[in-house]
**Q** 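For reference, the structure I am asking about is given below.
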Amino acid sequence: MNILFIGDIVGAAGRNIVFQYLKQLKKDYDIDFVIANGENSAHGKGISYKIYERFKSEGIDCITMGNHSFSKREVIAHLDKMNDMVVPYNYPEDLHEGYKVFYVNGLRLCVINLLGSALMHPNRQDPF
């Protein structure tokens, strides 16, 4: 199984690079599953439902989040439709599971997301 992980997509510039190159990368490298970090995709902090939908339509299978998961509070109203977004397990708000299981080419793939402790607010639960 070929998995592509795209690090932090930041703002419009980051989104445009993904939209410009992702389809060709998937084709060139026979990518089966794409994971992308989208926590800073909306103007550098958070994600919107509109951006989530565009990521999905462009071929991103799973969107991981981080400490800016709910910086755009509007996203909370759409969580029931954002089935492929994985908020860190140790994120303080209880609005998530911290992992998702996907079925890819007859196999199960589990994406687990944990928020690290380096440079984070001290009241975050340490994943270790």
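The chain is numbered in sequence order, starting from 1. Only this structure's heavy atoms are used, side chains among them; waters, hydrogens and symmetry mates stay out.
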**Q** Quick check: Tyr89 with Tyr99 (ring centres under 6.0 Å apart)?
**A**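 Between Tyr89 and Tyr99, which both carry aromatic rings, the centre distance is not below 6.0 Å.
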**Q** How long is the span from the CZ atom in Phe33 to the CD1 atom in Ile3, to the nearest 0.5 Å?
**A**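 If I round to the nearest 0.5 Å, the distance is 7.5 Å.
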**Q** Decide yes or no for Phe102 and Arg108: does some side-chain heavy atom of the first lie under 4.5 Å from some side-chain heavy atom of the second?
**A**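 Of all side-chain heavy-atom pairs linking Arg108 with Phe102, none is under 4.5 Å.
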**Q** How close do Met85 and Lys100 get, heavy atom to heavy atom, and via which atoms?
**A**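 Heavy atoms of Met85 and Lys100 come nearest at O-CE, 3.3 Å.
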**Q** What's the verdict on side-chain contact (heavy atoms from CB on, under 4.5 Å) for Glu97 and Val86, showing C-alpha distance, side-chain angles and the deciding distance?
**A** CA-CA 8 Å; Glu97 295 174 319; Val86 184; over 6 Å; no
**Q** So if you build clusters from Ile, Leu, Val, Met, Phe, Trp, Tyr with side-chain heavy-atom gaps below 4.5 Å, do Ile31 and Ile6 land together?
**A**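 Result: yes, single cluster for both.
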**Q** For Asn105, give me all partners under side chain to side chain donor-acceptor pair (under 3.5 Å), at least two apart in sequence or on another chain.
**A**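 Partners of Asn105 under the side chain to side chain donor-acceptor pair (under 3.5 Å) test: Asp32.
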**Q** Phe5: which residues meet the side chain to side chain contact (heavy atoms under 4.5 Å, CB included) condition with it, sequence neighbours left out?
**A**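 With neighbours one apart ignored, the set is Ile35, Asn37, Thr64.
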**Q** Would you check if the side chain of Asn113 reaches a backbone N or O of Gly98 as a donor-acceptor pair within less than 3.5 Å?
**A**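 Absent.
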**Q** Let's go through Glu58 and Val18 carefully: what are the C-alpha distance in whole Å and the side-chain angles of both, what is the deciding distance for side-chain contact (heavy atoms from CB on, under 4.5 Å) to 0.1 Å, and is it a yes or a no?
**A** CA-CA 9 Å; Glu58 292 289 335; Val18 170; 5.7 Å; no
**Q** Looking only at non-hydrogen atoms, find the nearest pair between Phe55 and Gly38 and report the distance.
**A**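 In terms of heavy atoms, the two residues are closest at CE1-CA, 4.3 Å.
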**Q** Measuring from atom CG of Asp30 to atom CG of Leu4, what distance do you get when rounded to the nearest 0.5 angstrom?
**A**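 The distance works out to 12.0 Å.
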**Q** Is the Lys NZ or Arg CZ of Arg54 less than 6.0 Å from the centre of Phe19's six-membered ring, within 45° of the axis?
**A**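 Judged by the rule (NZ or CZ under 6.0 Å from the ring centre, within 45° of its axis), Arg54 counts as positioned above Phe19.
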**Q** Looking only at heavy atoms, which two atoms of Ser48 and Ala42 are closest? And how far apart?
**A**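 Heavy atoms of Ser48 and Ala42 come nearest at N-CB, 4.1 Å.
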**Q** Determine the minimum heavy-atom distance between Ala36 and Ile9, stating which atoms define it.
**A**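 Reported closest heavy-atom pair: CB-CD1, 3.8 Å.
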**Q** So, for Val10 and Gly44, which heavy atoms are closest and what is the spacing to 0.1 Å?
**A**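 Where Val10 meets Gly44 most closely, the heavy atoms are CG1-CA, 4.0 Å.
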**Q** Which heavy atom in Cys62 sits nearest to a heavy atom in Val111, and how many Å separate them?
**A**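 That would be SG-CG1, 3.9 Å.
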**Q** With rounding to the nearest 0.5 angstrom, report the CG to NZ distance, Leu79 to Lys81.
**A**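 Nearest 0.5 Å value for the CG-NZ distance: 10.0 Å.
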**Q** Are Asp8 and Glu39 side-chain neighbours, meaning at least one heavy-atom pair lies under 4.5 Å?
**A**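 SC-SC contact between Asp8 and Glu39 confirmed.
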**Q** As an exercise, state the distance from OH of Tyr49 to CE of Met82, rounded to the nearest 0.5 Å.
**A**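 Between Tyr49 OH and Met82 CE, I get 7.5 Å after rounding to 0.5 Å.
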**Q** Could you walk me through whether Asp84 and Lys56 pass the salt bridge (charged side-chain N to carboxylate O under 4.0 Å, His left out) check?
**A** CA-CA 9 Å; Asp84 299 323; Lys56 293 297 297 171; 2.6 Å; yes
**Q** Would Val101 and Leu109 satisfy side-chain contact (heavy atoms from CB on, under 4.5 Å), going step by step from the backbone distance to the final call?
**A** CA-CA 6 Å; Val101 176; Leu109 172 68; over 6 Å; no
**Q** Below 3.5 Å, can you tabulate the donor-acceptor pairs from side chains in residues 21-29 to any protein atom, sequence neighbours excluded?
**A**
from: Gln24; atom 1: NE2; to: Asp28; atom 2: OD1; distance (Å): 2.7
from: Lys26; atom 1: NZ; to: Gly59; atom 2: O; distance (Å): 3.1

